[in-house]
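In each ligand, atom 1 is the first atom listed, and ligand 1 is the first ligand listed.
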Amino acid sequence: MSRENAIARAGAIFDDGTFFDLLSQWVSHPTESQNKACGDPLRTYLTGAITPYLENMDFRCRLVPNPANPRLPFLIGQRIEGEDLPTVLTYGHGDTVLAMDGCWREGLEPWRVIKDGDRWYGRGAADNKGQHAINLTAIGCVLEERQQLGFNVNVLIEMGEEMGSPGLHQICTMEKEALAADVFIASDGPRIDPQQPTLFGGSRAVFNFDLRLDLRDGGHHSGNWGGLLANPGVILAHAIASMVDARGRIRVAGLRPAGIPDSIKRALAELEVTGREGPQIDPDWGEPGLSLAEKVYGWNTLEVLAFECGDPAAPVHAIPPSAWARLHLRFVAGCDPAEFIAVVRKHLDDRGFEMIEIIPPRETWYPATRMEPDNPWAQWAVASLEKTCGRRPAFLPNLGGTIPNDAFSDILGLPTIWVPHSYGGCSQHAPDEHLLAPIVREGLRIMAGLFWDLADKPPN
Ligand SMILES: [Zn+2]
């Protein structure tokens, strides 16, 4: 009975095809949460895929109705071995974005896992079925090896992540006791590089708002009225230019972080952002003086997602009556989204743009989160991965993208350890979504080692 054996079991489950079969079964559930007509598969994934799998390991499972949207239920599973043992909360989402049937490469289809070389294609394979399947399988390997886990497990599976996780924060509040734990360990998102085992401890967050300028009814001929009538497109362009400069530097103090703490700077200094397998990086874009890792993990960005005036599809010679833009702020922990609208209002008013209307986000926004690199749980996880892989994992205090991590770190008060099992080129929200087999195999081994260490050597 040993750590090595538990890890070997995880490797064997990959090698003999057991894991591929499990993933194939789970991917076969067409769980499109973004499709309002999709109901049954979202429930059946929990009752028909996850519940039997967990019950086989003596978990007690229950469906929990979603207070925000009845179509998107939750599942809570529990396996309690002893009051005095450490408890882990793990999480995943069983829903996917739309299948995009017919848009996949010839020979591929969304709801069947198809191997092509090292790639395992299927909708939800990377985001997120494959990732939570790896983690639950690894728990099974530790259980088989030790005949008990040596820790307690709470599992939370949601079916609405691709809809913005409606109800997740409420469930974490309502079920606080059932979800209580010492640590949160889950998987989502990409590794920093396919070759590099990665951990992250939080995520940046998102705040979208619109700017709108309505000057009058209808367009007016530019030959008769140009020079006499103000052009809302020109004014809005100048307003945006006052907020972000021509090289992407944010010019509104209240939309920028106060700085990057030294501990975070040191952690980011170890990371290499290559942008491999993506578009070429523009080295002169963004906040001057920051490294690439600091730009994407340690700073905020303000983007224009859309800009409209007149009729872009059929421009005419007229002064358009109105202009509109959607702006998008990606921000790090320490920035308070509750203040953003007031900050932008004051910035615009101070520059003579009082006439521009600010429309706050339609969707609920959540705070960004971040884990200090010297947190004992972060160091414990880094050491565990290093022992299993024989090389040091990358540790990101937070992901550049956004996950609903504050539900776990802020509402449940847990240290949050994320171990991503995918990579940046996985096409997760597009046709041809896939996992990379070598990462799956290493992910199974990593998680078996990590869960083994939870009983064996948890941090004090
Ligand atoms: Zn997704």
Side-chain angles (χ1 to χ4, degrees), residues 23 26-36 38 41-42 45-46 49-50 66 68-69 71-75 90-101 103-104 108 110-111 113 119-135 156-169 184 186-192 194 198 200 202-206 208 277-278 296 305 328 330 363-366 368-369 396 398-408 416 418-436 439-440 443:
L23 182 63
W26 290 10
V27 166
S28 73
H29 294 258
T31 50
E32 294 174 301
S33 61
Q34 297 176 345
N35 171 1
K36 289 211 167 72
C38 176
L42 295 168
Y45 183 74
L46 297 178
I50 301 291
N66 187 329
N69 185 336
R71 197 168 61 82
L72 312 171
F74 293 86
L75 178 132
T90 188
Y91 154 89
H93 69 88
D95 64 312
T96 70
V97 296
L98 297 177
M100 303 172 196
D101 216 345
C103 302
W104 291 54
L108 301 179
W111 307 117
V113 182
R119 296 183 172 198
W120 294 7
Y121 290 93
R123 173 59 79 226
D127 182 14
N128 170 268
K129 291 173 179 174
Q131 303 222 25
H132 59 262
I134 287 173
N135 296 353
L156 175 67
I157 306 286
E158 72 161 317
M159 300 306 290
E161 200 266 354
E162 303 294 359
M163 293 288 286
S165 294
L168 176 65
H169 293 73
F184 172 94
S187 298
D188 202 2
R191 287 180 167 193
I192 188 167
T198 302
F200 61 87
S203 84
R204 293 201 293 181
V206 161
N208 292 336
E277 298 181 49
V296 71
L305 300 185
H328 167 81
R330 190 70 77 156
E363 60 286 321
T364 327
W365 42 262
Y366 297 106
T369 58
L396 314 180
N398 55 265
L399 194 66
T402 296
I403 45 171
N405 191 56
D406 65 298
F408 314 114
T416 49
W418 293 84
V419 190
H421 304 310
S422 185
Y423 79 116
C426 72
S427 303
Q428 65 185 82
H429 285 180
D432 304 346
E433 175 178 352
H434 61 277
L435 280 169
L436 289 184
I439 302 183
V440 173

**Message:** Within 2.8 Å of the Zn ion (ligand 1), is there any N, O or S atom belonging to His429?
**Reply:**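 Yes - counting backbone and side chain alike, His429 has an N, O or S atom under 2.8 Å.
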**Message:** Less than 3.5 Å apart, any donor N or O on the side chain of Asp127 or His93 sitting next to an acceptor on the other?
**Reply:** yes
**Request:** Output the atom name for the N/O/S atom of Glu162 with the smallest distance to the Zn ion (ligand 1).
**Result:** OE2
**Request:** Restricting to N/O/S, name the atom of Asp127 that gets closest to the Zn ion (ligand 1).
**Result:** OD2
**Message:** Angle between ring planes, Phe184 versus Trp418, binned at 30° and 60°: parallel, tilted or perpendicular?
**Reply:**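 Ring orientation of Phe184 relative to Trp418: tilted.
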**Donor-acceptor pair, side chain of Arg123 and main chain of Pro30, under 3.5 angstrom** =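 Flag not set: sc Arg123 to bb Pro30 has no pair under 3.5 Å.
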**Item:** Arg330 side-chain N/O to Val296 backbone N/O, donor-acceptor pair under 3.5 Å
**Value:** no
